[in-house]
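Fair warning: this is a prediction, and the values are worked out from it, not measured in the lab. In the text below, chain A, chain B and the rest are named by the order of the sequence lines, each starting its count at 1.
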Amino acid sequence: MLVFEQSRTGRVNAAQSAKKDNMVNVIPDNLKRKTRPLLPEISEMQAVRHYTRLSQKNFSIDTHFYPLGSCTMKYNPRACNQLSMLPGLLNRHPATPDSSSQGFLACMYDLQEILKDVTGMYEVSLAPMAGAQGEFAGVAMIRAYHDAQNGGKGDPARTEILVPDAAHGTNPATATMCNFKVKEIPTNSDGDVDIDALKAAVGPQTAGIMLTNPSTLGVFERKIKEIAGIVHDAGGLLYYDGANLNAILGKVKPGDMGFDVIHMNLHKTFSTPHGGGGPGAGPVGVSKRLEPYLPVPMVVENGGEYHVVTEKSRPQSIGRLSAFMGNTGILLRAYIYARMLGSEGMQRVAEYATLNANYMLAVLQKSGFEIAYPNRRATHEFIVTLKKQAKDLGVNTMDFAKRLLDYGFHAPTTYFPLLVPECLLIEPTETETKQELDDFMQAMVAIQKEAESEPEIVKSAPHTLPVRRLDDVKAAKELDLTYKGE
Amino acid sequence: MPFIPHTEEEVKSMLEVIGVESIEDLFDEIPENLRSEGLTKVPEGLTEMEIGRIMRARADQDTYRLCFAGGGAYEHHVPAAVWEITTRGEFYSAYTPYQAEASQGTLQLLYEYQTMMASLTAMDVSNASLYDGASALAEAVLMAVRANRKSKSKRVLMPRTVNPAYRKVAYNIVHNQGIVLEELDYDVTSGTIDINSLPDEPGDFTALVIPQPNYFGSLEEVDALTDWAHQHKALVIAVVNPMSLAMLKPPGEWGNDSDITGADITCGEGQPLGIPLSSGGPYFGFMCCRQVYVRQMPGRIIGRTVDLDGKPGFSLTLQAREQHIRRSKATSNICTNQGLLVTAATIYMAIVGPYGLENTAAQSHNNTQLLMSELDKLNGVQRIFNSANFHEAVFKFDLPLSDVIRSLAAQGIVAGVRLEDDYPELGNCLMVCATETKSEDDIKGFAKTLATTLTRLQAAACPVQPKMA
């Protein structure tokens with residue numbers, strides 16, 4: 001039932017807002033609202049019960065194994081939430097003078113330093129509010145860099161951004177937002193970038209390349225140094241999409257691979273909550289030559305005092321990307337997480353995320369599942385392709401995914417990357433136990449048996465959730481985006 | 001090992017299954033010369049108790065008593081239940097509802113949110129949120145350029161009464177695509193856009209941005225502005241404070257022209273709806289529009305549909321607009337929304353309801369009027385705009401404002417927002433705000449403290465002048 005269907009005209013939660021008498025109202029009549037908005041009129045308990053019940057219809061990390069590839073659904077430590085919501089931090093107005101904000105600014109500064117170390121980049125800005133905005137900041141900096149060449153006259157020929165065909169959809173979308181043309185680079189059969197195709201594609205029109213390493217195929221791009229050389233020799237810059245940083249945290253630094261600019265997804269690698277689809281945080285790191293262009297605000301330290309710096313003192317900056325300082329509450333959570341892990345803990349993240357992924361790959365392969373890149377070592381994730389099941393049994397990846405829900409597991413990422421047909425991208429993360437992984441793989445085997453003996457049960461799954469498969473065509477054709485009463 | 005559950009025995013058996021000797025062997029495809037030498041600036045790990053001690057010390061260091069700052073972030077009471085429910089693990093640790101059957105909680109909540117926002121703004125449809133108010137305005141500008149088929153121009157009129165940070169963000173995000181944001185000045189007496197100063201023949205432009213209340217807290221003549229834009233075949237982008245809409249005419253009803261009334265796109269900052277100040281984020285941006293433009297809207301949109309048995313359910317819809325399908329041709333590169341904040345805002349609106357929201361807005365309005373009348377009594381402080389306002393007002397100080405702000409901060413009061421950095425013509429001007437969280441004593445106490453501070457600073461500023469040699 002919708003919250004609006006529980007509403008009764010005239011029900012008021014007096015505890016939440018006492019009406020005062022004789023209030024002043026200077027709003028001119030022609031600017032006043034005439035009818036009340038249709039917000040629910042329900043009791044506080046009704047609201048609590050309604051939204052508690054809704055929450056129970058969700059799968060989440062706290063309730064289910066959630067091996068969603070490329071999303072790094074690891075445990076979100078509760079301490080990060082509790083400590084980031086201490087009153088002094090939670091109630092701080094963004095206009096509070098720096099002199100009264102030293103505790104908060106110290107956390108931001110420390111986080112910048114930690115991220116510099118982890119990525120091997122020269123400087124970091126925490127400003128971007130999500131991965132896609134970090135990407136935007138990165139590509140905008142590449143544009144700003146080229147525009148500043150030739151003594152400020154710019155390098156207008158550089159109109160193209162190269163993007164491997166395995167990339168996240170945000171990469172080409174971001175390049176377009178920065179007014180670059182996108183040229184796709186194919187991937188070879190081992191999952192590495194096709195070097196010959198890259199060599200043929202670069203030239204004086206190349207502004208840069210956007211790469212994810214490990215790639216979305218779950219393998220480490222072995223020729224990264226060669227790629228960096230090819231792109232740099234052509235005068236282009238290298239952009240690192242930090243989506244898969246969890247796989248190499250503390251083991252390899254993007255700066256050492258030759259990248260000029262990177263973004264991190266703190267909601268993945270640094271375990272801040274995904275919150276049903278946000279908020280994220282997408283700090284960017286750069287090499288020395290891109291440092292002047294970093295987005296603001298940033299925090300600097302001077303004689304033991306911390307200050308916020310803006311466009312005023314950083315005139316070449318690509319500017320601000322949010323009204324204030326970005327998603328600072330998320331940055332605090334990432335900071336607390338980083339401090340609990342410490343330097344050794346961070347390296348263990350990459351180690352155990354990789355161990356879990358390779359263990360699952362080995363077991364699923366032995367159980368008869370086809371691995372997309374069987375000759376490669378898995379990083380923190382890997383791909384199973386169900387093209388045989390789809391062809392021989394008529395049971396496709398979506399059917400497997402939906403049936404997994406019945407077994408109490410969130411489905412892996414489906415049909416991404418687009419290169420591999422009928423794929424499941426599986427990322428277990430380091431925080432899962434062997435037992436949980438084993439249970440998931442037993443479910444995969446059981447579903448395989450079902451697909452062979454009674455495929456209908458798989459094809460019509462899920463059977464045990466609040467709803468069965470939804471009519472997406474109807475949803476898009478007969479748009480019902482707001483409740484209008486029955 | 002923090003947050004890693006493996007026992008030694010388990011690791012051994014897992015390595016055996018994989019067929020390697022050690023975890024290190026799993027990194028054998030990474031070229032040796034790329035392997036990091038370790039982390040030098042990351043300190044040793046801490047226990048929860050230890051990091052708790054550090055965070056509490058830092059949080060306590062920053063506490064202030066009273067805050068009269070607004071400027072796009074407003075202190076409102078948030079019912080205890082809002083964040084108790086929002087931080088339930090099932091909301092907090094879930095991801096984007098791609099698997100609809102396993103995400104009906106989040107999806108239904110977002111559908112309810114869309115309904116509430118559409119009703120509050122009197123617009124047809126709402127998306128499931130964007131990052132914040134500033135980036136929502138940038139997305140609205142991009143959307144208007146796509147949506148307005150009657151204009152070939154990439155010119156958008158942007159009044160200087162729009163939040164200056166929003167204007168900067170919009171410029172930073174859209175300028176690479178050749179979109180021009182042309183400033184409109186304001187009337188110095190009213191602090192609002194002067195209708196009479198708008199050109200009769202403005203040339204082709206694709207949209208006019210109208211803030212309500214504007215950045216100074218003043219109320220714009222939204223009806224006349226909306227009609228003027230529509231008469232020139234331009235779209236209207238409304239930037240509004242959702243809390244104020246409990247009292248103010250909603251954008252969907254702006255304009256007196258019977259042919260086309262209402263804003264075409266409405267966006268803004270959702271923070272006043274149950275989101276803590278939190279140093280400026282995370283907040284959430286909202287966006288609503290006319291039905292005809294829904295396919296041009298960026299961000300996630302939830303639709304109600306039915307399942308195989310005909311039972312109602314919810315799913316992400318119109319995904320063909322989005323980056324994971326359209327890639328370089330998507331409406332935006334945006335991937336996330338601000339799900340957790342929208343969860344809080346939805347629960348907030350459900351708990352306070354239409355009367356609670358109205359009372360909160362009305363008390364904020366009332367308290368700011370009281371604050372204004374108290375400050376009007378002080379020497380050396382003048383209110384500079386004469387228009388009606390919602391819950392903010394601007395005062396000019398005779399003494400250097402930075403001294404006043406610093407002195408009040410030392411007494412535990414955040415005095416307000418200084419305007420000089422963004423408006424050079426408004427030197428020594430402070431913008432203040434008193435929401436429903438301020439009692440009469442708080443407001444009168446602030447005025448008294450300010451009076452004492454000004455007297456003290458005045459005395460310090462006029463020492464016996466040293467004689468010139």
Side-chain angles (χ1 to χ4, degrees), chain A residues 17 23-24 36-39 47 54-55 57-62 79 83 86 88 90 93-95 103 117 129 132 169 172-174 176 178-179 182 273-279 319 323-325 327-329 342-343 345 351 359 362 377 433-434 465-468 470 474-475 480-483, chain B residues 5 10 14 18 39 41-42 44-45 48 55 58-59 61-63 69 89-90 93-96 101-102 104-106 115 118-120 125 131 134 165 172 176 276 278-282 303-305 307-308 313 315 317 323-324 327-328 330 333 335-336 338-340 350-351 354 356 359 366 369:
Chain A
S17 177
M23 283 197 281
V24 180
R36 287 204 173 85
L38 291 170
L39 298 181
L54 281 192
S55 78
K57 293 184 179 183
N58 274 359
F59 279 32
S60 66
I61 303 174
D62 282 6
L83 297 174
L86 289 168
L90 196 68
H93 191 282
D117 193 10
M129 291 179 283
T174 299
T176 302
C178 293
N179 211 24
V182 177
H274 281 76
F324 300 106
M325 278 188 75
N327 285 338
T328 53
S343 52
E351 289 170 2
Y359 172 68
R377 187 75 76 198
T433 60
K434 176 175 177 291
L465 275 84
V467 291
R468 297 184 62 201
L470 293 157
K474 180 184 160 74
D480 175 357
L481 309 181
T482 58
Y483 175 73
Chain B
E10 284 173 332
M14 291 166 85
I18 301 168
L39 303 168
K41 285 189 208 152
V42 181
E44 287 291 293
E48 183 174 312
M55 294 307 292
R58 288 184 171 179
Q61 189 183 343
D62 287 356
T63 309
E90 299 95 325
S93 73
Y95 192 41
T96 302
E101 301 86 349
Q104 284 298 298
T106 288
T115 303
S119 173
L120 197 56
V125 291
Y131 303 135
N172 295 336
N176 283 325
S278 184
S279 295
R304 184 161 64 157
T305 179
D307 73 358
L308 284 172
S315 68
T317 193
Q323 49 76 28
H324 62 283
R327 300 178 75 84
S328 65
N333 74 342
C335 192
T336 48
Q338 299 279 100
L340 199 66
I351 289 178
N359 287 346
N366 176 73
Q369 304 305 317

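- Interface remark: of the candidates B:Gly313, B:Pro354, B:Gly303, B:Gly356, B:Pro354 forms the most heavy-atom pairs closer than 4.5 Å to chain A.
- For A:Val467, the parts lying near chain B are the backbone and the side chain together; criterion is any non-hydrogen pair under 4.5 Å.
- Across A:Gly277, A:Gly345, A:Gly169, the residue that shares the most heavy-atom pairs under 4.5 angstrom with chain B is A:Gly277.
- For chain A, the nearby parts of B:Thr96 are the backbone and the side chain; heavy atoms of each come within less than 4.5 Å.
- Contact of B:Gln369 with chain A is made through the side chain alone, with heavy-atom distances under 4.5 Å.
- By number of non-hydrogen pairs under 4.5 angstrom with chain A, the leading residue of B:Ser315, B:Ala134, B:Pro282, B:Ala165 is B:Pro282.
- In this structure, the side chains of B:Gln338 and A:Asn327 come closer than 4.5 Å at one or more pairs of heavy atoms.
- A:Arg377 touches chain B through backbone and side chain together, each having a heavy atom under 4.5 Å away.
- Between A:Leu470 and B:Gln104 there is a side-chain heavy-atom pair separated by less than 4.5 Å.
- In this structure, chain A has a heavy atom under 4.5 Å from the side chain of B:Ala118, while its backbone stays farther away.
- Of all the listed residues (A:Arg36, A:Lys474, A:Glu351, A:Lys434), the one sharing the greatest number of non-hydrogen pairs under 4.5 Å with chain B is A:Arg36.
- Between A:Phe59 and A:Leu465, the closest side-chain pair of non-hydrogen atoms falls below 4.5 Å.
- Counting heavy atoms of neighbouring residues, nucleotides and ligands inside a 6.0 Å radius, atom CG of A:Leu38 does not exceed 12 of them.
- Between the side chain of B:Asp307 and the backbone N or O of A:Arg468 there is at least one donor-acceptor pair closer than 3.5 Å.
- The number of heavy atoms from other shown groups lying within 6.0 Å of CD (B:Glu10) is above 12.
- The most heavy-atom pairs under 4.5 Å with chain B, out of A:Pro37, A:Ala47, A:Pro279, come from A:Pro279.
- Note on A:Cys178, A:Gly319, A:Pro273, A:Ala362: by heavy-atom pairs under 4.5 Å with chain B, the leading option is A:Pro273.
- The shortest side-chain heavy-atom distance between B:Ser278 and A:Thr328 falls under the 4.5 Å cut-off.
- When B:Leu340, B:Leu39, B:Leu120 are compared by the number of non-hydrogen pairs under 4.5 Å with chain A, B:Leu39 comes out ahead.
- Taking the side chain as every heavy atom from C-beta outward, A:Pro466 and B:Glu101 never approach each other to under 4.5 Å.
- To the nearest 0.5 Å, atom CZ of residue A:Phe324 and atom CE of residue A:Met129 are 11.0 Å apart.
- Highest contact tally toward chain B, considering only A:Ala79, A:Ala95, A:Gly103, A:Gly342, is held by A:Gly103 [criterion: heavy-atom pairs under 4.5 Å].
- Residues B:Thr317 and A:Leu481 meet the side-chain proximity criterion, which asks for heavy atoms closer than 4.5 Å.
- Chain B forms more heavy-atom pairs under 4.5 Å with one residue of A:Gly329, A:Gly88, A:Gly275 than with any other, namely A:Gly275.
- Annotation: maximal heavy-atom pairing with chain A below 4.5 Å, among B:Asn176, B:Ile351, B:Val125, occurs at B:Asn176.
- Most heavy-atom pairs under 4.5 Å with chain A, from the set B:Thr106, B:Leu308, B:Thr63, B:Thr115: that is B:Thr115.
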